[in-house]
There are 2 protein chains.
Amino acid sequence: MSLRHGILGLLAERPRSGYDLTRAFDSSLADVWPASHSQIYPELARLTADGLIEQVGEGPRGRKVFATTDAGDAEVVRWLRDDPPNRAVRDESLLRGFFLWLLPTDEARSQLETEAAWHRAEVARYEAVVADGSIDWTATPAARTQRIMIESGIRVRRALAEWAKWSVDRMEHDP
Amino acid sequence: MSLRHGILGLLAERPRSGYDLTRAFDSSLADVWPASHSQIYPELARLTADGLIEQVGEGPRGRKVFATTDAGDAEVVRWLRDDPPNRAVRDESLLRGFFLWLLPTDEARSQLETEAAWHRAEVARYEAVVADGSIDWTATPAARTQRIMIESGIRVRRALAEWAKWSVDRMEHDP
DNA sequence: GCCTCCATGTAATTGGTTACATGATTCT
DNA sequence: AGAATCATGTAACCAATTACATGGAGGC
């Protein structure tokens, strides 16, 4: 139940509304665990019913702000400590890769070049976030951790960009 | 509909049974698109009903061998050409990373060391497959493509192993 | 005779996506 | 006045996991 724990983890940092959570799952967490508001709002209701979070405030337009309860904080930590990570990863781009031999060589090559370009653009996007002067990545434990997680994104994308280029070169002299 | 196209792609290479497909989704494709037999058998029925595959043989223990039809072959190619890849990736290990600041530093460090070790072991596993003398990676277009896809696994895992080590070092002098 | 692997399927539940539905506030 | 953004929710559908269920063939 990763969505559940993702929400708990975000609320353990600071109180947020469903809308705030939706934006977090759509920006910083989008590359590891995307989630939409239609999933988040019902889960907030369940987490409240289970006593792991509670509403701690309200705002304009019916905004409801939630925070973790002590039980909720304990549950995230328990999850991190005791639940073994589910290492199943689903990546449609790479699945397609397995079947590229079904296309004419030049089309396959062109698709891999598109992949390389996409990953390079992602690296640039991450690097721009890191270089953003308005963020102090040493300010809090959460910020330091976030800096580390951005680094994982940079390195994975860079590896995939270089891999895609390597594949194109390899196909060049071995069609 | 990635499962559907994954099955079509595998059957485009050569005829297989549901059991064969299950093993493929559990070995070579496991790292990009895991799928279990309980998903595969109903999908084979749907693909048959849609005229994209057909049963071309049978074997002991009720084994049914399927192959793509011309329409099926055309559909995989159409998918590769026209459907933009869904780039949403879900990785629970990395999601957990975002919340490691909730653990005492030494526990967080130890978790990252476990990650590094796991990724290094995966790299070794892939490298053993590549080094397996009984496989000729230049024999067919499909084999050449598979070699390229294994390389993506090696490079991504290596990047993550090195990232995890980098994170531990970073936490060392900046707790 | 027993164990392992091969081989196929269904059912119940959970998780996730897409579409539907509504409305307040703020900015220009 | 109109557009963009903030803000919440539900419903229908599709995809995936886990559990249930069964049995044949081959090796030892």
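Please read all numbers here as calculations on a predicted model, not as lab measurements. Lettering follows sequence order; numbering is per chain, from 1.
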Check: B/W33 side chain, B/S2 main-chain N or O, donor-acceptor pair, under 3.5 Å: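 No; zero donor-acceptor contacts below 3.5 Å.
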
Between B/D20 and B/R23, does any side-chain N to carboxylate O distance fall below 4.0 Å?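 Salt bridge: yes.
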
Can you name the salt bridge (Lys or Arg N to Asp or Glu O under 4.0 Å) partners of A/R155, sequence neighbours left out?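 Checked A/R155 against salt bridge (Lys or Arg N to Asp or Glu O under 4.0 Å); matches are A/E151.
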
Please name all residues satisfying salt bridge (Lys or Arg N to Asp or Glu O under 4.0 Å) with A/E113, sequence neighbours left out, ordered by chain then number.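 Result, salt bridge (Lys or Arg N to Asp or Glu O under 4.0 Å) vs A/E113: none returned.
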
Could you tell me which residues satisfy side chain to side chain donor-acceptor pair (under 3.5 Å) with B/S110, sequence neighbours excluded, listed by chain and number?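 Side chain to side chain donor-acceptor pair (under 3.5 Å) list for B/S110, sorted by chain: empty.
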
For A/D26, check side chain to side chain donor-acceptor pair (under 3.5 Å) against everything at least two apart and list the hits.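 Counting only residues at least two positions away or on another chain, A/D26 forms no side chain to side chain donor-acceptor pair (under 3.5 Å).
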
Could you tell me whether the side chain of [Y] reaches within less than 4.5 Å of the side chain of [X], counting heavy atoms only?
X: B/L112; Y: B/K165; result: no
X: A/R16; Y: A/L11; result: yes
X: B/S36; Y: B/T22; result: no
X: A/L52; Y: A/F66; result: no
X: A/L103; Y: B/R81; result: yes
X: A/T68; Y: A/L47; result: no
X: B/W163; Y: A/I154; result: no

Protein-to-nucleotide contact annotation, 5' to 3' order, nucleotides 22-28 of chain C [B base; S sugar-phosphate only; - none; under 4.0 Å, heavy atom]: -BBB---

ring-ring contact (aromatic ring centres under 6.0 Å, His included) contacts touching residues 83-114 of chain A (sequence neighbours left out):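 Qualifying pairs, neighbours excluded: none.
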
Take a 6.0 Å sphere around CD of A/E58 and say whether it holds more than 12 heavy atoms from other residues, nucleotides or ligands.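 Result for CD/A/E58: open.
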
So among B/E122, B/E92, B/E115, which one has a side-chain hydrogen bond (donor to acceptor under 3.5 Å, both in side chains) with A/R87?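 Filter result, single survivor: B/E115.
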
Side chain of A/W33 (C-beta onward), nearest among C/dT18, C/dG16, C/dT10: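 Looking only at side-chain atoms, A/W33 lies closest to C/dG16.
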
Listed once per pair and sorted, the salt bridge (Lys or Arg N to Asp or Glu O under 4.0 Å) pairs that draw on residues 31-45 of chain B, sequence neighbours left out: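 Applying salt bridge (Lys or Arg N to Asp or Glu O under 4.0 Å) to every pair that reaches into residues 31-45 of chain B, excluding sequence neighbours, yields B/R4-B/E43, B/D31-B/R125, B/D31-B/R157, B/E43-B/R46.
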
Would you please say whether a donor-acceptor pair under 3.5 Å links the side chains of A/E162 and A/H119?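 No - no donor-acceptor pair under 3.5 Å links their side chains.
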
Hey, where on DNA chain D does chain B first and last touch, going 5' to 3'? Cut-off is any atom under 4.0 Å from a heavy atom.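 Terminal contacting nucleotides, 5' to 3': D/dA15 to D/dA25.
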
Residues from residues 2-31 of chain B sitting under 4.0 Å of DNA chain C, heavy atoms only?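 B/S17, B/G18, B/Y19, in order of number.
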
Nucleic acid contacts of residues 45-58 of chain A, taken as heavy-atom distances under 4.0 Å to DNA chain C: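 Nucleic-acid contacts, sorted: none.
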
How close or far is atom P of C/dA19 from atom CD of A/Q39, stated in whole angstroms?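 Those two atoms, CD and P, are 16 Å apart.
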
Bend angle of the helix from C/dG1-D/dC28 to C/dT28-D/dA1, from helix axes over five pairs at each end, nearest 10°: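 Taking five pairs per end, the axes differ by 30°.
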
With nearest nucleotides of DNA chain C determined for A/S38 and B/F66 from heavy-atom distances, which residue corresponds to the more 5′ nucleotide?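 With A/S38 and B/F66 compared, the 5'-side residue is B/F66.
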
Under 4.0 Å, heavy atom to any atom of DNA chain D: which of residues 75-95 of chain B qualify?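 Residues of residues 75-95 of chain B under 4.0 Å from DNA chain D: none.
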
